[in-house]
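Read the structure below first, then the notes.
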Amino acid sequence: MKLITTAIDYTNGAPHIGHAYEKVLADVLTRYERFAGREVYFLTGVDQHGQKVQQNAEKEGVHPATYSNRVTKGFIKLWDKLDVKYDGWASTTDQRHITCVQAILQKLYDDGQLYKESHKGFYSIRQEQFLTDRDRNDEGEFGPEWGEVEEVEEENWYFKLSDHIEWLRNHVETHPDFVFPQFRRQELLNALERSDKGDLCISRPKSRLRWGIELPFDTDFVTYVWFDALTNYISFAGYQAAENADLPVFEKLWSNTTHIIGKDILVPPHGIYWPIMLHAIGFSDDDMPRLLVHGWWNIRGEKMSKSLGNVVDPDQLADTFGADGLRYYLMRDISTGGDSDFSPERIIMRFNSDLANDFGNLANRTLNMTKRYRGGVLNCGDYDDELCLDVRQVAEQTRKDYTDAMNGDLPHLALEHVWKLIVRANKFVEQTAPFTLAKEESESAKLDAVLYHLVEVIAEVSLLIAPVMPQAAANLQDQLRLTPEQRTTLLSDMAWGLLPTGHETGKPKPLFPRLQLEEETEG
RNA sequence: GGGGCUGUAGCUCAGCGGUUAGAGCAGGGGACUCAUAAUCCUUUGGUCGAGUGUUCGAUUCACUCCAGCCCUACCA
């Protein structure tokens, strides 16, 4: 069984398109695994702890739990709207998670991997970190980007990260698949190469941060971010869970795990801290997860940020383009691992050109002609010719190319291949002109064959696109009147001839009504 | 400072030591009419960031530079 996870989102603000991209990617890969006939478990969720949550809550005069629960609802609502269907939901305030985190901390404490030390320095509340002198600007001061900075001296608990660095270096070097894409692995290796990092501070005194998980061996402290957040990947996968915990069986899930994360949290958290944490509590090299690192969506060439005021709201996009329209765009217009540029013009172009014109129209004209000339009834018949043969060959090649691309976590490439088949089918209509054949009684057998090929193609396409566009796929399958068995055909079982002679198709209805270009907004 | 990435048609991007550098979208022309004014055909358009070198030959290799970006660090 495969486990696919996403980063858990920090509940200090509304989700933006970057959050949406990551979850849709995970959802698409999960749906693909099922389509490929493999068992998979999809875990996502939220990180509800932390200082910023506590602060935002204080500003509003509410309990941190109240605040983060409200923000959490926004995330859940969006995933629902975008058809992101997860099997497990991680929430760091969940008691089962807290129990697991504390058990791990206790074990490390018992093993002597944690120690307490005093540290004095300047602390940025906004960034939740101690600052060093190199964080000072040219005037020797801490700039406004750090927010309020205060000098503090406090004791904290540290994890002996340095004991495991050598092991990690070796692991990354000997496991080329540990990080995808390869250039990110290089970055991690570079970071490890000259890394003589100190140990990892894993606590905050309760006097400063109450909103967190208490250290079981020193109750004046809560654990700070890493052990709290990263541990979700195993706590909600059932690691050392109680029998009645209603969690998956860990041993079944963990053997083949992919963490989908953004490039901003590869080094150091997921590339360094997390594998070392797992190693420290006894995970073998074979039980190390794989990291799939995705890039960012820039906005018209600029980084998306609240201060620039260019944050794109996925909820609004879903209103305009539908969940499937947005999912298609997010999967089609970025190559896994890279960055891409978001623009309204671009998504409209993709929607109208690819979805409405190429695909939607092909489905519509095919079903319409089938209905009009044959009452919707298919007949495979005996007729065959070069053009029909070519369409069948392209369909077969498409299945292969699609499979290769998806197995490589490259949905944008898989979609590109599917569209080659769609374009081929549209061309097939022009080449065979079924509307002309329909006028000649003598061409009846050829017309049957042409219509059959077209309907078969869109039926196959409906299966291939389902991981990316589940609603559109189901919608088309309704129009095609596919049986439940046909709809659940596995990728490996797909072959020409999904539809038998006598199959009757339904009424055509546009899948993706064209969007009118918005009027230029005059300044 | 170290490491890496990117720079190819108006836009988004492929590509590759070698005949006339490609795709999609946009623009021009045409065909067709089953269809969501869709589809199909055709066409305009690029000194492949700049320069030097290696080579019979470079967009493709090396080096330098310019521009943009990413990771990471230090002098202190």
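Lettering of chains follows the sequences in order, A, B, ..., and the numbering in each one begins at 1.
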Side chain to side chain donor-acceptor pair (under 3.5 Å) with [X]: which residues, sequence neighbours excluded?
X       : answer
K263(A) : D339(A)
T258(A) : R290(A)
D478(A) : R487(A)

Can you tell me the pairing partner of [N] across any strand shown, Watson-Crick or G-U wobble, with both distances under 3.5 angstrom?
N      : result
C25(B) : G10(B)
C40(B) : G30(B)
C65(B) : G49(B)
U59(B) : none

Worksheet entry | Side chain of N364(A) - closest among C40(B), U36(B), C34(B) | U36(B)

Fill in: Minimum-distance nucleotide to R346(A) side chain [options: U39(B), U36(B), G24(B)]
G24(B)

Item to complete: Look at N190(A) and G2(B) and indicate whether a side-chain polar atom (N or O) is within less than 4.0 Å of OP1 or OP2.
Response: no

Response to the item:
In T505(A), N379(A), D448(A), the residue satisfying side chain to side chain donor-acceptor pair (under 3.5 Å) with R374(A) is D448(A)

Between [atom2] of [N] and [atom1] of [X], the distance in whole Å:
X       : N      : atom1 : atom2 : answer
R424(A) : C40(B) : CZ    : P     : 11 Å
L421(A) : G24(B) : CG    : C1'   : 17 Å
N426(A) : U36(B) : CG    : C1'   : 12 Å
M349(A) : A26(B) : CE    : P     : 8 Å
K263(A) : C69(B) : NZ    : C1'   : 8 Å
I422(A) : C40(B) : CD1   : P     : 11 Å
R185(A) : G3(B)  : CZ    : C1'   : 15 Å
D354(A) : A26(B) : CG    : C1'   : 14 Å

Students often get this wrong, so: under 4.0 angstrom with heavy atoms, is [X] touching a base, only sugar-phosphate, or nothing?
X       : answer
D333(A) : nothing
N368(A) : sugar-phosphate
P434(A) : nothing
L362(A) : nothing
R350(A) : nothing
F512(A) : base

Worksheet entry | Quiz item: cation-pi between R350(A) and Y329(A), 6.0 Å / 45° | no

Item to complete: For H16(A), enumerate each residue passing the ring pair (Phe, Tyr, Trp, His ring centres under 6.0 Å) test, keeping only those at least two apart in sequence or located in another chain.
Response: H19(A)

Report all interatomic pairs (protein N or O, nucleotide N or O of nucleotides 41-43 of chain B) with separations under 3.5 Å.
{"residue": "C41(B)", "atom": "OP1", "partner": "K427(A)", "partner atom": "NZ", "Å": "3.3"}

Practice prompt. With P as the reference atom in both, quote the distance from C40(B) to A23(B) in angstrom, rounded to an integer.
Written response: 15 Å

Fill in: Ring-ring centroid check H270(A) Y233(A), cutoff 6.0 Å
yes

Show which side-chain atoms of residues 412-419 of chain A pair as donor or acceptor with protein atoms under 3.5 Å away, not counting sequence neighbours.
{"residue": "W419(A)", "atom": "NE1", "partner": "D354(A)", "partner atom": "O", "Å": "3.1"}

